[in-house]
Amino acid sequence: PDDPGAMRAAASSRAWLEAGTVPGGDAVERRISERALLNLRLLTRPNGAALAGLHPRWRSVWPRDASFAAVAFAATDHHEESYEVLSFLAETQAPDGTWEARYDAAGEPVLDGRPQQLDAVGWFTWATWYWYVTAERDDGAEERAETLWPAARAAAEAAVASLGSDGLPPGGADYWETETWRPNLGTAAPLRTGLRATADLARGLGHGPDARRYAAAAGRLDAAISREFAPAGYTRTTSPRSGADAAVTFLAPPFAPPDARVQGAIDGATERLRAPNGGLLPGENWSQDPTIAWTPETALFALSAAAAGDGEEADRRLGWLAAHRTSLGAFPEKVDGDGEPRAAAPLSWTEAIVVLTLAAKEEP
């Protein structure tokens, strides 16, 4: 308490929180938001590198996780941090509009054999669009958006180029970081959201031909998802045998308009993905320990419920997540069969999704 450096750091943290908004309907929820936001700030380097975690195994930038962090910052009026994260991602983008699976804090690819994850092009464009539509126009948002536009356009072009004759992207690595030979929902759904977002961003910036191109591609992909995934109940891949997957939430609010068929699949998935400790697994055919729940996937179902206006279900998921934090209030990556936090903590993806869930409870 009497250390000057600690006092300055605490004062800086309080001032930063007060400069934005802290979602939450009561004091308990606001304390959860405060800690999650401070953890996201802690994990974000001055150059905009939003690290997944601080342990050496997680001290890298996954474009998907970083995109969610950017949206969490924007949703709580920390647009400067959001823009810095997006700028870091734009600078690390490959010439073909894609990203490697992860990068170090200096922006260099971490080439450890992990395959590229095409979902990054959808998440980056969604996050860029969200930053743009929530930023104050008099803060230079138009000019900054134009600096991000080349990266958003390149990402959208990569999404368009990935669509095959069936209207779907090919199989590949989804957020499980394992490859599927059939098209998977964890890639197709973010690409649909990203193309819709880029079309709207293009309209806002006056790029009419691009807006029409990406809207048409999004429509083609949307039709393909309905044709190929819906009959099987929106399973992980186009094969019904692939089982339920948490990626079904990517087809629902806040990533897409409400759809009764999708909501039915989400309701079914919550039962099929339930771990014995009350959390959720990434997928029905998850190959790892089925007694260990994963917090990002559990949080995605909380966000889906909040964005759909189901506060009771959102509170149920949030309550479980809050009860399984570390002693310092951080969300871990996993919760074991004994209910103990495991792996990285804080984990940026979960922290960001929880902030967005609490924000969505206030404004679905």
Could you give me the CA-CA distance, side-chain angles and deciding distance for V61 and L89, then say whether side chain to side chain contact (heavy atoms under 4.5 Å, CB included) is met? CA-CA 9 Å; V61 178; L89 292 175; 4.2 Å; yes
Does the ring center of [X] lie less than 6.0 Å from the ring center of [Y]?
X: W62; Y: Y175; result: no
X: W99; Y: F124; result: yes
X: W126; Y: W129; result: no

Donor + acceptor pair across side chains of [X], [Y] (<3.5 Å):
X: T295; Y: H324; value: no
X: S82; Y: Y132; value: no
X: R213; Y: T198; value: no
X: N184; Y: W176; value: no

So, taking the atom named CG in D174 and the one named OG1 in T237, what distance separates them when rounded to the nearest 0.5 Å?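 The distance works out to 9.5 Å.
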Side-chain contact, heavy-atom cut-off 4.5 Å: R196 with D222? yes
Below 4.5 Å, heavy atoms only, C-beta onward: do W16 and H78 meet side chain to side chain?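 They are in side-chain contact.
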If you look only at pairs with a residue in residues 260-277, which of them pass as a side-chain hydrogen bond (donor to acceptor under 3.5 Å, both in side chains), with sequence neighbours excluded?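 Non-adjacent pairs meeting side-chain hydrogen bond (donor to acceptor under 3.5 Å, both in side chains): Q263-D267, E271-R274.
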Below 30° counts as parallel, above 60° as perpendicular, anything between as tilted: where do the rings of Y214 and W149 land?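 Tilted: the ring planes of Y214 and W149 meet at 30° to 60°.
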Using a 4.5 Å cut-off between side-chain heavy atoms of Ile, Leu, Val, Met, Phe, Trp and Tyr, which other residues end up in the same hydrophobic cluster as V335? V28, I32, L318, W320, L321, F331, V354, L358
Going through the distances and angles, do D166 and R227 end up as a salt bridge (charged side-chain N to carboxylate O under 4.0 Å, His left out)? CA-CA 10 Å; D166 61 355; R227 183 181 65 249; 5.8 Å; no
